[in-house]
Structure formats: structure tokens, C-alpha cells
Amino acid sequence: VLSRTTTWTLFRDTQLGLDFTAVNFYDGQGFMVDKDLGVSSALELKGATVCVLTGTTTELNLTDFSRTNDLEIEPVVFEDSNVRDDTFAKGGCDAITNDKPSLASTRAKFTD
């Protein structure tokens, strides 16, 4: 039983043999930036560095979003979410991307 955020994809449904049942929570991917960056839309992230976990649907979506909108976003990939979060908090990336509930949880950990 898997009871946390997992994206229902065609690959997972057909190739991995997973049996998805009813969806119990809808969310979406978002971006978080420091307010001093002055960004009010993800479309303003042209050339930005974005912290993201490697090997995730989030990373694939970031690449697709950047390509589709000609943003030339540079992914900064991490295997560990704590290292990703610390890097963002210390200014190592212009933005961080993840599903929105996870971004809210990440934001709650920050002191500033």
C-alpha cells in the first residue's frame, strides 16, 4: 500500500504492474522563489537555476515546462530533499520546484 504523493503515470500503470485505485488527493507542481527575486509567475524564470529532486516526475515536468516556454531553466538536481532544501535556503538556486503541498511543508521549515 502506498499512501503518499505518487503521480499516476501510464508507465507506472502499465509497465510496473501497479494497481492504482481511486484518486484521493489532487495537487499540482509549483515553484517557490525568494520574494526578493521579484518573480510573480513561473514564466519569469528564464535562465534561472531550479532545485529539483533527480529521477522524479517533477524533474521531467520542469524540463518540459522550460523547453515548451523557451525558458532555458537550469535544473540543479539532488537525491536528498533535505540537501535540496538547504541549498535553496542558502541561495544556491533561484527557485525550487515540487508538488505544492510539499513546497508548503518545505516553506514551513524555513526561519526567514
Side-chain angles (χ1 to χ4, degrees):
V1 174
L2 178 65
S3 61
R4 70 178 302 267
T5 55
T6 300
T7 306
W8 190 343
T9 66
L10 181 62
F11 178 78
R12 289 178 179 149
D13 202 29
T14 60
Q15 302 297 314
L16 296 181
L18 299 177
D19 291 323
F20 285 87
T21 59
V23 174
N24 66 354
F25 184 75
Y26 287 97
D27 68 356
Q29 187 166 335
F31 293 87
M32 181 167 52
V33 299
D34 188 289
K35 65 181 175 182
D36 293 339
L37 195 60
V39 171
S40 61
S41 167
L43 295 172
E44 297 174 24
L45 291 172
K46 187 169 183 82
T49 56
V50 177
C51 292
V52 63
L53 289 176
T54 189
T56 61
T57 305
T58 304
E59 182 183 19
L60 297 174
N61 291 344
L62 174 63
T63 301
D64 289 344
F65 177 75
S66 177
R67 185 182 327 107
T68 299
N69 293 289
D70 193 31
L71 295 177
E72 300 172 9
I73 290 173
E74 181 183 337
V76 180
V77 297
F78 299 88
E79 291 186 14
D80 183 291
S81 61
N82 292 315
V83 176
R84 178 204 59 195
D85 297 348
D86 289 344
T87 301
F88 173 71
K90 293 175 182 173
C93 300
D94 298 312
I96 187 171
T97 186
N98 206 350
D99 58 278
K100 291 177 185 178
S102 293
L103 287 176
S105 175
T106 298
R107 174 65 184 98
K109 295 189 305 187
F110 297 155
T111 58
D112 187 20

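Only heavy atoms go into these numbers, but all of them, side chains included; no hydrogens, no water, no symmetry mates.
The minimum heavy-atom distance between A48 and D94, with the atom names listed, is CA-OD2, 3.3 Å. Of all non-hydrogen atoms in F110 and A89, the two that sit nearest each other are CE2-CB, 3.8 Å. Closest of all the heavy-atom pairs between C93 and F78 is SG-CE1, 4.4 Å. Nearest heavy-atom pair, L62 versus P75, reported as atom, atom and distance to 0.1 Å: CD2-CB, 4.1 Å. Between K100 and Q29, the shortest heavy-atom distance links the atoms CE-O, 3.5 Å.
Both V50 and V77 sit in one connected hydrophobic cluster of ILVMFWY residues. Membership requires side-chain heavy atoms under 4.5 Å apart, directly or through other members. V52 is connected to L45 through a chain of hydrophobic side-chain contacts under 4.5 Å among Ile, Leu, Val, Met, Phe, Trp and Tyr, so both are in one cluster.
Pairs engaging residues 75-92 under the side-chain hydrogen bond (donor to acceptor under 3.5 Å, both in side chains) rule: D85-K109 [sequence neighbours left out].
Using a 4.5 Å heavy-atom threshold, the side chains of D70 and K46 count as touching. At least one side-chain heavy atom of L43 sits less than 4.5 Å from a side-chain heavy atom of F65.
Put simply, the side chain of T63 gets close to the backbone of E59: a donor and an acceptor are under 3.5 Å apart.
Here CZ of R107 is found 15.5 Å from OG of S102. Values are rounded to the nearest 0.5 Å. Note that CG of N98 is 5.5 Å distant from CG of L103, once rounded to the nearest 0.5 Å.
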Can I get a per-line list of side-chain donor-acceptor pairs under 3.5 Å for residues 30-39, giving both atom names and the distance, sequence neighbours left out?
unit_1: D34; atom_1: OD1; unit_2: D36; atom_2: N; d: 2.8

